Amino acid sequence: MKAKLVLFVVVFLVWLGLSWSVDVQHLVVGAVVSLLVTAAAAGMFRRTPRLLKRPGRYFYFLFGYVPLFIWEVVKANFDVAYRVLNPVLPIRPGIVKVKTDLKSDLALTFLANSITLTPGTMTVDVDRENGFLYVHWINVKDPDIEGATRLVAGRFEPLLRKIFEPEEESE
Amino acid sequence: MSDTLGMVFIGIGLFFDFVGCLGLVRLPNVYNRLQAATKCVTLGTCSILFGVFLSMGFVAAGIKALLCIVFLVLTAPVSAHAIARGSHRSGIRLTEKSVTDAYAEDDEGEA
């Protein structure tokens, strides 16, 4: 029930942002659409959300993760631009294994997406049982597990553990 | 003022989108091409959308552009991940220049 309520509020807020005009017509249509979407999609979010249990994680997310993420994305783009515009095409591609001890779905998703958007690396597959990520690296600096883990996931993992890990158990 | 700033952001976005497309042509195989396509095109398009928001201001179109940034950042890596995993499972090898392929060594990537 709580999960449905949260989903409804989020969908309704997105609707308000999209229409960006507050009158009766928009609000009523938005409420109806949000109800329909909530009814259709509620099965996808079974866990009960604990929004306000640890407000500290929103702080870490907004001021720790988001700036780091934007900085890494900008760096990644200059990296790709350098490689593509260089006539020699300086690449050393390969797929490396990266170890992670994050367990929950949300944390793993964020880690994989962060790796994809940061310099030279792209997540190919996730092995949840053993805690490995397979990462395609455009310029392999260290082919073994420990070195690759430190270089690829080291920047994000501690922060994501602080944000997502303690309160969630994978289903 | 915000109009000029918006134009600057749109210009930066166009540059990175161009680099992404160039990478799509120049890089050797599907995995390397995906790297260029996801990274550059994500930031390039986000930058264009942000420029649109800056020059439009807080009106319906501007807010839509901001929402599009959120959706783009959430979905682009997921689709890249799906394409890369699918190509490895359907047997597309890395280039000869490749250094290591831990995915194939673990027999994970076999169909």
Side-chain angles (χ1 to χ4, degrees), chain A residues 13-21 69-70 72-87 89 91-98 109-110 112-127 130 132-145 148, chain B residues 12 15-16 18-29 31-32 34-44 46-47 58-64 66-67 70-71 73-81 83-85 87-89 94-95 97-106 108-109:
Chain A
L13 283 178
V14 171
W15 171 274
L16 284 184
L18 280 174
S19 61
W20 201 248
S21 59
F69 180 73
I70 293 175
E72 292 290 332
V73 169
V74 171
K75 241 168 57 183
N77 276 274
F78 280 105
D79 181 69
V80 172
Y82 158 72
R83 282 179 211 291
V84 168
L85 295 174
N86 193 326
L89 214 61
I91 54 173
R92 236 167 82 86
I95 293 183
V96 294
K97 236 164 127 171
V98 169
T109 311
F110 265 88
N113 280 7
S114 310
I115 286 175
T116 299
L117 286 175
T118 50
T121 51
M122 181 179 73
T123 314
V124 175
D125 202 355
V126 179
D127 182 354
N130 307 317
F132 287 121
L133 294 171
Y134 295 91
V135 174
H136 182 268
W137 202 350
I138 204 166
N139 186 28
V140 176
K141 288 180 195 137
D142 198 342
D144 65 65
I145 295 182
Chain B
I12 295 171
F15 169 73
F16 279 118
F18 170 73
V19 170
C21 295
L22 197 66
L24 209 59
V25 178
R26 285 202 68 199
L27 292 169
N29 69 347
Y31 307 103
N32 296 307
L34 271 175
Q35 299 248 8
T38 48
K39 290 188 227 308
C40 279
V41 174
T42 306
L43 184 83
C46 284
S47 178
F58 281 93
V59 294
I63 302 295
K64 280 194 188 73
L66 277 191
L67 277 172
V70 175
F71 290 133
V73 168
L74 286 179
T75 52
V78 177
S79 57
H81 164 73
I83 296 173
R85 187 163 180 270
S87 4
H88 208 291
R89 293 212 162 216
L94 304 180
T95 48
K97 285 168 79 180
S98 296
V99 190
T100 164
D101 189 352
Y103 198 37
E105 280 163 25
D106 288 5
E108 279 274 349

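Naming convention: chains lettered A, B, ... in sequence-line order (proteins, then strands); numbering from 1 in each chain. It should be emphasised that the depicted structure is a prediction, and the values quoted were computed from it without experimental measurement.
B:H88 places none of its side-chain heavy atoms less than 4.5 Å from the side chain of A:D125. Side chains of A:N113 and B:H81 form no contact here, defined as non-hydrogen atoms less than 4.5 Å apart.
Rounding to the nearest 0.5 Å places CE of A:M122 at 5.0 Å from CG of B:L34.
Minimum heavy-atom separation, A:S19 to B:A60: O-CB, 4.0 Å. The two residues A:L18 and B:K64 have their closest heavy-atom pair at O-NZ, 3.0 Å. Closest of all the heavy-atom pairs between A:H136 and B:Y31 is NE2-CB, 3.4 Å.
Contact annotation for A:T109: neither backbone nor side-chain heavy atoms come within less than 4.5 Å of a heavy atom of chain B. Only the side chain of B:L67 comes within contact range of chain A, with at least one heavy atom under 4.5 Å from a heavy atom of that chain. Interface remark: B:F58 contributes backbone and side-chain atoms alike to the contact with chain A (heavy atom separation under 4.5 Å). With a 4.5 Å cut-off on non-hydrogen atoms, A:F110 does not touch chain B at all. Contact annotation for A:S114: neither backbone nor side-chain heavy atoms come within less than 4.5 Å of a heavy atom of chain B.
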Considering only distance and modelled atom types, tabulate donor-acceptor pairs under 3.5 Å from the side chains of residues 74-81 of chain A, sequence neighbours left out.
unit_1: A:N77; atom_1: ND2; unit_2: A:V73; atom_2: O; d: 2.8
unit_1: A:D79; atom_1: OD1; unit_2: A:R83; atom_2: NH2; d: 3.1
unit_1: A:D79; atom_1: OD2; unit_2: A:R83; atom_2: NE; d: 3.3

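Ranked by heavy-atom pairs under 4.5 Å with chain A, the list B:V59, B:V70, B:T42, B:V78 is led by B:V59. Of all the listed residues (A:I70, A:V14, A:V84, A:V135), the one sharing the greatest number of non-hydrogen pairs under 4.5 Å with chain B is A:V84.
Judged by distance alone, with hydrogens and angles left aside, the side-chain atoms of B:R85 form no donor-acceptor pair with the main-chain N or O of A:V126 at under 3.5 Å.
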